[in-house]
Amino acid sequence: MSHLIEDHALIANMQTGALVAHDGSVSWLCMPRFDSPAVLAGMLGTEEHGVWRLGPAHPANTAPPAASRRRYDGDSLILISEWDTEHGAVRVTDFMPPSDGGPHVVRIVEGLRGRVVMRSTLRARFGYGRFMPRVHQVGDRTQLAFGTDAVWLDATIPMPGGDTAEFTVLEGHKIAFTLSWQGSSLVAAPRPDPYAALKVTAAFWHTWAQQCTYDGPYRQAVVGSLMVLKALTYAPTGGVVAAPTTSLPEGIGGVRNWDYRFTWLRDAALVMAALVAYGYLDEVRAWRRWLVRTIGDDVGNLQIMYGLDGERDLAERELGWLPGYENSRPVRIGNAAAGQLQLDVYGEVLHALHQARQAGLEPDPQATRLQLRLVAHLEQLWAEPDEGIWEVRGPRRHFVHSKVMAWVAFDCAVKLIESGEADGPLERWRELRDTIHREVCEKGYDPERNTFTQSYGSKELDASLLLIPQVGFLPLDDKRVIGTIEAIQRELSTPDGFILRYPIDGEDAGVDGLPGDEGAFLLCAFWMVEALAMIGRTDEARKLFDKLLALRNDLGLLAEEWDPRAKRQVGNFPQAFSHLGLALAARRLMPQITLSLPGQRSTEPALTTVPAIQ
């Protein structure tokens, strides 16, 4: 299919999500969960791999028309698309109602003016576009089944063609379609009331958005990003997916195509930091329960990511029958990085829980015990090389960011014990915290260039070094902090001012062990916004932030990266990293926030900062 990644909207129900293109095509939908096999996978191939198009009828061999305009309905993920045609105007409202049962995609057609001939064509393909379903008419309902799974198509008009219908809508008339998942092809899926479901969905999103505490100039962008983060949470367990998609390429035509439909400890912790910063604690409470249940006492076998229910087997494989988005192969499901050693995740998890406590989250004895066990295990590991935050598939290294976050883990554990909430080896962990700090400053810093480096002894830079002041490792006025920020600006900036994660070597395998290029990593650019604001270069920070806002699509959505040459979004979409980065950078730019950093090694007052880095 030919849609740009940013052509799509997200609708979701906190169990799974669908991507809807501007021509009314749903080209990505996994049921019943984010990580289930897709029943509509056209985004990674062609329409024959699964698509549901609903829009004005068009002649054969011509492209379906794009909507004349589209928007979300206020603060919600209810998508409204409108077409102006020669004979009239029509609106389609797409959404997924929150539900404790199986997911539903609801599409309501409404005539606005004149008469418009519409067409609904559903090509469901089970198993990521591989298997053609059996199509049955069951009374006035259409069942599309494969094996024991089934989806049910309901409409408020007759569907004589089974999965295809052409109909005329007049001004003021409404016609609704619903696609529902059912785990057994022998049992009929419940038939929802589409209009009642619309009211419930609108009330849910509007009520949730009203809880946001942000009251600054970027409110629309912030609330929109927070709603994406909420949409990516898996309500039954509290897990959080990094994105609702797999294998959308970091470089068009390249091999950097990964499955992001799992719960990374790091990504989820950073999502929680963003939600806590704006007053949302229920999601953190649920995620904390997920952590305790998933990790349990088995910290010795800690993985850096899990399934939404805490599954550990995330074996990676390639789907050879899918040609990939714009022929970007391979298409992968599962993720082999689950078995990597990434020392930074300890710090991110403890940091997020520390922030939540600071924001008023009540203590939980099991979570406290888990944190102490994690830090005790890290005590045995912190000096080892690892694969780091970017999950390199090359040799392990002593990544500076990993060591800094190990310092954060011990710093948070010390604060937990000092608070009286836990008992632990306070003096030993204080000493170890200081040992890690000295080692990073000695081995991870290049005094000739006045910058920290990607790993011990290397010359390369890494955008994750921007987090050194944010986590309180060094004070904001430290020359090494300012030198690192300026070095990253010089050496990792794209021509349009965005930020690469680290140097890449084109067709030669780089530090990550992979060939090919990738775009500018949007989270890193938001980190730069925060870094510039923290050292007092606020005007520069705002200019970069405004440039980043301009990269969003018409619905405020961001993928993982920005291709500075093709001027388009790349990577999985929408991406939690990008949206949490936006939300926290916007808060950093609020001048009235003057909270101090933890662990500051200076008597100077901290500059502007936020609860997310306490």
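- Counted by atom type alone, Trp258 and Glu316 present zero donor-acceptor pairs between their side chains at under 3.5 Å.
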- Query: Run the side-chain hydrogen bond (donor to acceptor under 3.5 Å, both in side chains) check on Tyr260 and Gln575 step by step: do they pass?
  - Reply: CA-CA 9 Å; Tyr260 276 17; Gln575 174 74 12; 5.2 Å; no

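- The nearest pair of heavy atoms linking Ala242 to Asp267 is CB-OD2, 3.6 Å.
- A donor atom on one side chain and an acceptor atom on the other are not found under 3.5 Å apart for Asp446 and Thr451.
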- Task: Decide yes or no on side-chain hydrogen bond (donor to acceptor under 3.5 Å, both in side chains) for Glu421 and Gln371, but give the supporting numbers first.
- Result: CA-CA 11 Å; Glu421 187 178 323; Gln371 291 173 78; 5.3 Å; no

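- Glu283 and Trp208 share a side-chain donor-acceptor pair at under 3.5 Å.
- Trp527 is not listed as a side-chain neighbour of Ile499, based on a closest heavy-atom distance of 4.5 Å or more.
- In this structure, Arg317 places its CZ atom where only 12 or fewer heavy-atom neighbours from other residues, nucleotides or ligands lie under 6.0 Å away.
- Minimum interatomic distance between Ala231 and Leu77 (heavy atoms only, all atoms of both residues): CB-CD1, 3.5 Å.
- Scanning all heavy atoms of the two residues, the minimum distance from Ala541 to Leu532 falls at CB-CB, 3.8 Å.
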- Query: Run the ring-ring contact (aromatic ring centres under 6.0 Å, His included) check on Trp390 and Phe521 step by step: do they pass?
  - Reply: CA-CA 11 Å; Trp390 306 127; Phe521 205 79; 5.1 Å; yes

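- Salt bridge status for Arg397 with Glu460: absent, with no side-chain N to carboxylate O gap under 4.0 Å.
- Tested against Glu486 for a salt bridge (Lys or Arg N to Asp or Glu O under 4.0 Å), the candidates Arg449, Arg480, Lys479, Arg537 yield a single pass: Arg537.
- A salt bridge links Arg219 to Asp75: at least one charged side-chain nitrogen sits closer than 4.0 Å to a carboxylate oxygen.
- Val284 and Ala356 get closest at one heavy-atom pair: CG1-CB, 3.7 Å.
- For residues 339-354, the pairs satisfying salt bridge (charged side-chain N to carboxylate O under 4.0 Å, His left out) are Arg266-Asp344, Arg266-Glu348, with sequence neighbours left out.
- Under a cut-off of 6.0 angstrom, the local environment of CD in Glu418 is crowded, with over 12 non-hydrogen atoms contributed by other residues, nucleotides or ligands.
- Within the 3.5 Å criterion, the main-chain N or O of Arg312 finds a donor-acceptor partner in the side chain of Gln303.
- Under the 4.0 Å criterion applied to side-chain N and carboxylate O atoms, Lys543 and Glu540 are not assigned as salt-bridge partners.
- Using cut-offs of 30° and 60° for the angle between ring planes, the His398 and Tyr456 rings count as parallel.
- Salt bridge present: Arg288 and Glu362 bring a charged side-chain N and a carboxylate O closer than 4.0 Å.
- We find that Arg332 and Asp259 are not joined by a salt bridge, their nearest charged nitrogen and carboxylate oxygen being 4.0 Å or further apart.
- Between Arg542 and Asp539, none of the side-chain N atoms (NZ, or NE/NH1/NH2) sits under 4.0 Å from a carboxylate O, so this pair counts as no salt bridge.
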